[in-house]
Each structure stands twice: as C-alpha cells, then as structure tokens.
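Data block below; observations after.
Counting from 1, the numbers follow the sequence of the chain as shown. Every value quoted in this text rests on a predicted model; they were computed, and no experiment measured them. Note that these values count all heavy atoms, side chains included, but never hydrogens, waters or copies made by symmetry.
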Amino acid sequence: MSLQCTDKAGIQYSEALWVALSHRGDRIKQNMENVFNTSTSFILLGIEEMEHYKYLYCGFALVTYLLILLFSSLIISVVLLEESLHEPMYTLIANLMLNGIFGASCCLPKLILDLFLSTKVISRAACFIQSFSVTLFAFCEISTFTIMAYDTYLAVCHPLRYPTLMTNKTALKLIAGFLIFNITCILINSLLSARLPLCGFYINNFFCDNVSIFILSCVDNSINKLYSATVFAIYILASMSIIAYSYVRILLICFKISKSASKKAIHTLVTHFSNFSIFLVGVLFIFIRYRLENINLPLVFHILLSITGSIIPPFFNPLIYGIRTKTLKIKVISHFQKIILEI
C-alpha cells in the first residue's frame, strides 16, 4: 500500500515537473521570438570595410552622385523644355534618366553620410524601405528598356502607323502601368519579408537588399524565396522575350529598307542595346554576389559586385544617350551653353 502511494506520488510529481518545464520552454521560446521580431537595427559591414579610406570613398561616392544628378537632370530638363523633343522616344529616355536618379538616390546619399559620420547602423524600417526602393529601381529599369525596344520596333517596322500606335500619351500610360504593376509585385514581397523573425544583425553590403534580409531569417523562408524568384524570373524572361523579338524584327527589316534608313535604325538599336547590356551586366554581378553569399569571400568583393550592379547603369545611361543620340546631343549642348552664358 505504501509502495503504491509512493509510485502515485512519483507519477504526479513527474507530471507536474513536465508541465512546469513545458511552460518554461514556451516562455523561453516566446521571449526568443520577441527578441527576433523586435530587432530595431542592423549593421552594414560594407561601411565598416570602407572605414580605413572612408574620406576617399566618401569623395568618390559624392562626385559620382553629383555627376549622375547633373547629366540626368540636364537630359530631363532638355526633353521637358524643348517642344521638338516631345516624342515617345525622348520621353522614354527622360524616364530612364529619372529612374537612374532614383536608383542612385536609394543608396549613395546614405553611403556618403555614413562614411562621413562614421556610422554603420541602419534601422529596421529604413532597411526595408531601402530594400523596396532598390528592387523597384531594378524592375523599372527593365520595364523602361522593354518599352523602348517596343517603341523602336514600331517606328522601324510600322513607320506609317507609328504616329497613331505610339504617341506621347501612350508612352506615359505604359510607364505608369508598369510602375503600378512593379510597386504591387514588390510590395507583396516586402510585406512577406517584414513578417519574418530575424536572428542576425549583420548585412554583408553597404545597403539593404531583399536577399540580405532573407539570410537573416531564423525560420523557414522558402515561400518568400519562391515568390521572389518566380516573380523576377517571369518578369525578366517576358521582358527579354519582347526585347529580343523587337531587335530581331528590326534587324530583318534593316536588310529590306534603304541604306540611310537602315543605318539610322541600327544606330538607335546599338544605343539601346549598349545601355541594356550595361544593366544586364549589373544584374549578373548582383546575382553572382547572391550566389556567393554563403562562401567565405572577402567583403570587398561583395561591395564591388553591388557597386557594379546598382551605380554603374545610372552613371553610364545619360553619357551613352547624350553622346549617341544626335538630336538630343545638339539640344543638350545648346542648353548647357545657355546655362553657362547666364552664369
């Protein structure tokens, strides 16, 4: 009888101990989740890497940003002020320049301030906003090149119908439609990322991007990765298909039309393709950086790959279009001379 009571008491004690440990485990888990979810800031290791020559990098970033603003703003202002340039092609070029300013402004101003003030911390909210902005820049760059390829295709392959098929109003509608679509796709991705509990604080870059946030996640984020990869793959493949089809049709038409018209069409095609190639190289470098994220490479390689993908296209776009587009070049030089005389 005494033994049975002892066994019963032992069982009750074990059950009580198990319940207590379960509650304690739940509390620990809850506390850990709260810590993960309330991480208020991240450390940008890319800024830390630049500390030794921070003023040199700061000066380089400042000059680069000012040149992007100068060249792009000059082209935008010329297109707006010159009535003869109020055509779809120049409207699309101006939109490309505007997007370049937006893309450079996503990371360069903060980089300059961080280097100058020796700060390497970014808040959680600012990190998600910067990630959203950088992705939006990339998507808008792709969509603008796609519309430009379609515009050139219509101008070369359907010259008689072109004035009715592609007007300035149509070009602006296409730009606005793509912008709304891009914002919607990226916003969904950003909301999915914002719900992830994050375990780490260190980002191997000088700015925040979506993949860096995924890496910090301490739970399964396969849904986020699948959504991001699927949307980007469909988007880039659809755009590349339209661009490739347009370019091939233009080249085929060039064999049938006069030599002067063919030369003009190929010149325009080469200009578009040069800029798009620079952007694709940038995208390739960023893709390589993402693939190498888990490999123990020097941080400087991650920084260089990011710079190539995010800063080189906005810098070279206005230079190439300003030099290779004859009508635009003449107007830009004339406008620039007027500014100098007024000063």
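A donor-acceptor pair is defined here as one N or O able to donate and one able to accept, closer than 3.5 Å; such a pair exists between the side chain of N99 and the backbone of F137. Looking only at distances, no side-chain donor or acceptor of D151 sits under 3.5 Å from a matching main-chain atom of I147. T164 places a side-chain N or O within donor-acceptor distance of the main-chain N or O of R161, the cut-off being under 3.5 Å. Listed for the E87 side chain is no donor-acceptor partner under 3.5 Å among the backbone atoms of N168. At least one donor-acceptor pair under 3.5 Å links the side chain of N317 to the backbone N or O of P313. Between the S77 side chain and the L74 main chain, a donor and an acceptor come within less than 3.5 Å of each other. With hydrogens and angles ignored, the 3.5 Å screen pairs a side-chain donor or acceptor of N224 with a backbone N or O of L192.
Residues satisfying the ring-ring contact (aromatic ring centres under 6.0 Å, His included) test with F276, not counting sequence neighbours, are F145. Contacts of Y321 classified as ring-ring contact (aromatic ring centres under 6.0 Å, His included), with partners at least two apart in sequence or in another chain: H272.
Side-chain contact of T167 with T170: a donor-acceptor pair under 3.5 Å is present, judged by distance alone. Judged by distance alone, the side chains of Y247 and T152 never bring a donor and an acceptor atom under 3.5 Å apart. Residues N210 and T135 bring no donor and acceptor atom of their side chains to less than 3.5 Å of each other. In the model, D209 has no side-chain atom that pairs as donor or acceptor with a side-chain atom of S131 under 3.5 Å.
Counting non-hydrogen atoms of other residues, nucleotides and ligands closer than 6.0 Å to CG of L117 gives a total above 12.
Within the 4.5 Å cutoff, no side-chain heavy atoms of F128 are placed close to those of C208. Between K329 and I333 the shortest side-chain heavy-atom distance falls below 4.5 Å. Between H86 and T91, the closest side-chain pair of non-hydrogen atoms is not below 4.5 Å. Looking only at side-chain heavy atoms (C-beta outward), V156 and Y162 stay at 4.5 Å or farther from each other. Taking the side chain as every heavy atom from C-beta outward, T144 and M148 approach each other to under 4.5 Å. In this structure the side chain of T119 never reaches within 4.5 angstrom of the side chain of I47, judged on heavy atoms. Using a 4.5 Å heavy-atom threshold, the side chains of L115 and Y55 count as separate. In this structure the side chain of N182 reaches within 4.5 angstrom of the side chain of S143, judged on heavy atoms.
Cluster annotation: L70 and F315 are assigned to the same hydrophobic cluster (Ile/Leu/Val/Met/Phe/Trp/Tyr, side-chain heavy-atom contacts under 4.5 Å, transitive). Note on L319: it clusters hydrophobically with V332, by side-chain heavy-atom contacts below 4.5 Å among ILVMFWY residues. Criterion: ILVMFWY side-chain heavy atoms under 4.5 Å apart, direct or through other members. Under it, V63 and Y65 are part of a common hydrophobic cluster. In terms of hydrophobic clustering, with Ile, Leu, Val, Met, Phe, Trp and Tyr side chains grouped at heavy-atom distances under 4.5 Å, L81 and L96 are assigned to different clusters. A continuous path of Ile, Leu, Val, Met, Phe, Trp and Tyr side chains, each step under 4.5 Å between heavy atoms, connects L187 with I213, placing both in one hydrophobic cluster.
Taking SG of C127 as the start and CZ of F132 as the end, the distance is 14.0 Å to the nearest 0.5 Å. To the nearest 0.5 angstrom, N95 atom CG is 6.5 Å from L92 atom CG. From I93, atom CD1 reaches atom CD1 of I320 across 11.5 Å, with rounding to the nearest 0.5 Å. Atom CG of L80 sits about 10.0 Å away from atom CG of L85, to the nearest 0.5 Å. Here the OG-NZ distance, from S193 to K225, works out to 11.5 Å after rounding to the nearest 0.5 Å. Note: F316 CZ to I68 CD1 = 10.0 Å, rounded to the nearest 0.5 Å.
Taking both residues in full, the closest heavy atoms of L108 and A61 are given as CD2-CB, 4.1 Å, listed atom of the first, atom of the second, then distance. Taking each heavy atom of L328 and Y90 in turn, the nearest pair found is CB-CE2, 4.2 Å. Scanning both residues, F71 and P318, for their nearest heavy atoms gives CB-CB, 3.7 Å. Contact between S133 and F102 at its shortest, heavy atoms only, is O-CE2, 3.4 Å. When all heavy atoms of S246 and A149 are compared, the closest pair comes out as CB-O, 3.5 Å. For the pair A104 and P109, the tightest heavy-atom approach, listed with the atom from each and the gap, is O-CD, 3.5 Å.
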Assess whether side-chain contact (heavy atoms from CB on, under 4.5 Å) is satisfied between F206 and K110, documenting all intermediate values.
CA-CA 9 Å; F206 61 92; K110 187 181 187 311; over 6 Å; no

Apply the test side-chain contact (heavy atoms from CB on, under 4.5 Å) to residues M50 and D114: give CA-CA distance (whole Å), side-chain angles for both, the deciding distance (0.1 Å), then the verdict.
CA-CA 10 Å; M50 299 180 188; D114 285 345; over 6 Å; no

Criterion side-chain contact (heavy atoms from CB on, under 4.5 Å) on F42 and L216, from CA distance to verdict
CA-CA 10 Å; F42 305 102; L216 296 179; 3.7 Å; yes

Could you walk me through whether N189 and Y227 satisfy the side-chain contact (heavy atoms from CB on, under 4.5 Å) test, starting with their C-alpha distance in whole Å, then the side-chain angles of each, then the deciding distance to 0.1 Å, before giving a yes or no?
CA-CA 7 Å; N189 188 54; Y227 176 82; 3.6 Å; yes

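In this structure, Y235 and F181 have parallel ring planes: the angle between them is below the 30° cut-off, well short of the 60° mark.
For the side chain to side chain donor-acceptor pair (under 3.5 Å) with K120, the lone residue among E49, E51, E48 that qualifies is E48.
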